[in-house]
Amino acid sequence: MAAPIGEDLVLVSGVSDAMPGVVPVLLNGDPAMSMTASVFTWTRNGASAEAAIGFIAVIPVKVAGRVRVRSVVMRRKGQQPVRYTLIRRALSLETFMSMTSRDAGPEFSGVADGVANALLKGGASSKRLAAMLAMLSAAALNDGFVEVMGTLDTGEVFLQGWSSGLPSDRVHLLASHGQLSMGEFRSAAVQRDDLGGRGHGFVGILDTGGALVDTRGLKRLFFRGGQGWLALDIYDRCTHLAPTDVPAHIRDAIPRANASSETLMTLRRAGERFDGRDTVSTLKQPVRIGMDMVLELPKGGMLVCGWMLDPDNLVQSVKLHAGKESVAIDGIWTRLARPDVTAAFQQDAAFAQRLDPQQNDHGFMAFVPKLSAANDCAVYFEFSLDDETAFYPLKAVKSSSRRTLDRVITVLDPRSAAAASAIEAHVGPMLQALDHQKPRVVEHRDFGYDESAVLTGLVVGGGFESEEILTTLVLLALDPDTRDLPMILSVPAEVFGKIALEVQRLASFYRLGIRLVSADGVQDACDAWDAAVHATECETLALLSAGALPRLHGWFSVMERAYRARAGKVLVSPTVVFEDNSISFAGTLLDQRERRLVDSFLGYPCDVIRGAEPIEVMAGSPACCLVSRAAFQDVGGFSQSYLSIKEKVRDLCLKLRLAGTPSLWLPEVEMIAADVVPADANLPRTRLTQRIDHWSFDRRWSLLVSNMRGTE
C-alpha cells in the first residue's frame, strides 16, 4: 500500500523476506522513474519466512506532476528484484500509519523515528511537515513539560520547564501548534530540587526564523535525543506571559542559569527587550524624546509625531513597533523645526553645551501604512545606540475623524519646506488611507413635506451657523419659484435640536414642505448633501449651500430648463458672485497650455460676463447645482479624501464627467455668496488645508486631467 506526501514523495509499505536500508526502486516499470528509497523495517512475529519482514520505503518521486503509483520494483543487492503491485488505491497518511502501526506493534516507534528523520532531510514543505508531525506523534516519548511560556516583542518564544534529555545550549526543536514549525532553541539548565534527580529545569529562547507561533495553541515540542525523538508536552496549568512580562521573567532566571556564554548572552539580550517601561529618560547619554500624537487609522496605518533630542547623533536607528511588526522610521520620517524643544533644554546640564540655537530640527513626523496595534498589542519606539537599546512606550489613539487632522496640521509651519515634504510623504497618504465614514442620517422630521407629485427636490446643506440656515430658508420661501418645492434641509446633528422648532414655525407660516434631516459626521455643505440624498426619492436634486442666496427670483426655472434640455444628463451650475459684485465662480476650465484646472474670471467684475452663453465646463459650483440623484449616487457622491468643499466638488464633477454627465455653466443665473474662503485664509491651518487638498487632488486626477479634452 502507498500514501503520497505532496507531489514529490510517496510512502510505500509491504512485506519481504529481507530488505536493506537503502534500495534502488523503479516505479510503474518506467525506466524514467528510477529512484533511491530509504527503507525502515520491523520483524513480523509468526509470519512465514517470505513475509517475515515488514517495511516502509520513503521514495522521492523526481518527475513533474502527480504520479499514480501502480507498481514498485525493488532491486536488492545479491538478491532477486522484488516487484510489488499495489492492491488498492493510495491511502491517506492517517490510514496508512494506522495499518502499519498495527502490523509493526512495539517496533513502530523506531520505524516512525526513521521515517521522520528521512522526511526532515528532504525539505520543509507543508505536506512533509504534516507527515513528520504524524510520525513524531506516534514515535516520540515524553521527556518533560513546558510550564511557562510567552512571546517576546521580536517574535521569539520564551520557554521554561523541565526535561530529562534536553541538551543545553543549542538544539533544533519542532513545535506543533496546528502546524509544524522548525526552530533553534537556545536554553540554559536550571537546578530543580523538586524533580528528585529525574531531570533538570531549563529556560530558553525558541527562534523559528520569522514563523509566528501562537503559544496558546502550542501542543508539543519535539527534539532529537540520544535514543531517538523525544517530546516536551505542555503542562495543563502552563503560565502564559504577556510580551511585556517576558523580559523580567528572563532576568529573574538568568542568575540561576548554567550554559555557554553565547547562550547566556542570548538570554540577557532577550531580558533587555521592551517590558512596558520608558528607558530613554534613564539614559546617561544626552538622548530624550517626547510625543505630540500617535494616531492609528481604523483599517491600519499609524502617524507618529513628536520630537527627539540627540545633539551628539548617538542614536543609530529608531524603530516603531506594534506587536510583532516593526518599521525603521528614521529612514522615512520628515524632520520638523522645534525651537521650543531647544529652548526647553537650554538650562539642562546634560544638553546646554551641546545645543546649537540655530539647529532646531528636533521634531519628526512619519506615517507608516498598514501598521496596526490590533488586539491591544504594545506600541513603542526602540532606539539603538552604540552599546545599548532603549525603549519608549506609545499610546495609539484610534480615530477616523477629520477633526483629528487639525492637531496634525498645527504641528506644521506652512512657510517651511518641511511642510511640503510632510504633506507629500505623510499627511497626504494618511488622509488617503483615513477612509472617513460617510455622513449618515440620524433622524428626520417632516413639516408638511410631500415629494410624491414632483420630480425635483431642493436640498439645502447647512453648517453650524443656525442664523445662516434660517435666513436662507426664509428667502427660499419668498421666491415663488422655490416655495412650492419639497425642501430637504440637512444639518449637523449638533444643530438639529437648536433649529427644529423654528423650522417647524417657518414651514407652517410660509406653508412650506420641509424635511429636516439630522446628519452625523457633517463638516461642511458637501457632507450635508451626501446625507440628504439618502433621505429623498426625488429624481433631480437642486443642491444649495446655506448662505448662497439667489440674486433674482426665477433662478430655479432657468436652471431646470437647461437641465431638462439635456435630458437630465448634465450638472448645471450658476454664476456665483461675492457681495462686492466680483466673480467667485464662473466655471472651472482646463488651461490647455499648462494642462491644469483653473477657475475662470475669478475676482473679475460681473460686467465681463454679461451676455455670455452657457458653456460646458470641467467642474461646477460648490454653492449651487442641479444634478440627477441616480448619477450622483452611481459615482459614490462626494469623496471623503478632501478637507475643503472646492476640491470635493471638483472631484465629484470629474467623476460625473467620466461617467457621462458633463457640467454646464449658466452665466445668466447669479447667486450671491459670502467669500467661500474663510476670513482667516492666511492662517496656517487654512493654507495647509489647501496644500493638502491640492496634493490629494493632483495625486488622483493630474494624469487624467492632463489627458482630458477641455472646453476652449
Side-chain angles (χ1 to χ4, degrees), residues 1-6 8-16 18-23 25 35-45 47 51-61 69 72 74 84 86 90-144 163-167 171-183 218-234:
M1 57 188 180
I5 307 297
D8 61 351
L9 198 71
V10 64
L11 303 183
V12 172
S13 181
V15 297
S16 176
M19 190 66 69
V22 178
V23 296
V25 297
M35 295 93 179
T36 300
S38 300
V39 181
F40 307 93
T41 62
W42 63 89
T43 301
R44 305 178 73 232
N45 295 327
I53 300 298
F55 68 86
I56 293 178
V58 182
I59 306 174
V61 183
V69 179
V72 181
M74 296 187 172
Y84 293 89
L86 269 68
L91 304 175
S92 68
L93 181 62
E94 291 76 11
T95 303
F96 179 90
M97 288 185 55
S98 176
M99 296 177 70
T100 53
S101 65
R102 286 199 298 269
D103 191 74
E107 294 186 55
F108 180 70
S109 175
V111 172
D113 181 21
V115 173
N117 285 330
L119 293 171
L120 184 60
K121 295 176 183 177
S125 69
S126 59
K127 296 287 187 180
R128 286 177 182 250
L129 291 176
M132 286 175 59
L133 177 59
M135 291 293 181
L136 292 174
S137 297
L141 300 175
N142 174 262
D143 186 64
S163 171
S164 298
L166 180 70
V171 66
H172 287 287
L173 281 186
L174 297 173
S176 170
H177 55 106
Q179 59 185 9
L180 200 62
S181 295
M182 305 172 64
L218 197 59
K219 299 175 181 177
R220 296 186 90 188
L221 294 158
F222 302 97
F223 64 94
R224 182 77 176 170
Q227 303 300 319
W229 283 94
L230 302 173
L232 298 175
D233 289 316
I234 309 302

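This chain uses plain numbering: 1 for the first residue, then up along the sequence. Any value given below was found using the heavy atoms of this structure, including those in side chains, with hydrogens, waters and symmetry copies removed.
Residues Phe223 and Gly165 come closest through the heavy atom pair CE1-O, 3.6 Å. Considering every non-hydrogen atom in both Leu86 and Val69, the closest pair reads CD2-O, 3.4 Å. Of all heavy-atom pairs spanning Gly225 and Leu230, the tightest one is CA-CD1, 4.2 Å. Contact between Phe55 and Ser16 at its shortest, heavy atoms only, is CE2-CB, 4.3 Å. Here the shortest heavy-atom pairing between Met99 and Leu91 reads SD-CD1, 3.9 Å. Closest approach of Phe222 to Ala140, counting heavy atoms only: CD2-CB, 3.6 Å.
Considering OG1 of Thr43 and CD1 of Ile53, their distance stands at 4.5 Å, rounded to 0.5 Å. From Arg224, atom CZ reaches atom NE2 of His172 across 13.5 Å, with rounding to the nearest 0.5 Å. The structure places OG of Ser176 at 7.5 Å from CG of Leu218, a figure rounded to the nearest 0.5 Å. The CD1 atom of Ile56 lies 7.5 Å from the CE atom of Met97; values are rounded to the nearest 0.5 Å. Rounding to the nearest 0.5 angstrom, the gap separating the CE atom in Met35 from the CG atom in Leu9 is 10.5 Å. Note: Asp233 CG to Asn142 CG = 4.5 Å, rounded to the nearest 0.5 Å.
Under the 3.5 Å distance criterion, the side-chain polar atoms of Tyr84 are left unmatched by any main-chain donor or acceptor of Met1. Distance alone, capped at 3.5 Å, places no donor-acceptor pair between the Ser38 side chain and the Val22 backbone. Checked by atom type and distance alone, the side chain of Asp143 never pairs as donor or acceptor with a backbone atom of Ser163 at under 3.5 Å.
Listed by chain and number, the residues in a side chain to side chain donor-acceptor pair (under 3.5 Å) with Ser181 are His177 (sequence neighbours excluded). For Phe108, the ring-ring contact (aromatic ring centres under 6.0 Å, His included) criterion is met by no residue, not counting sequence neighbours.
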Residue pair Leu11, Val58: steps toward the side chain to side chain contact (heavy atoms under 4.5 Å, CB included) verdict: CA-CA 5 Å; Leu11 303 183; Val58 182; 3.7 Å; yes
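Within the structure, every pair that satisfies the salt bridge (charged side-chain N to carboxylate O under 4.0 Å, His left out) test and touches residues 95-104, not counting sequence neighbours, is listed here: Arg44-Asp103.
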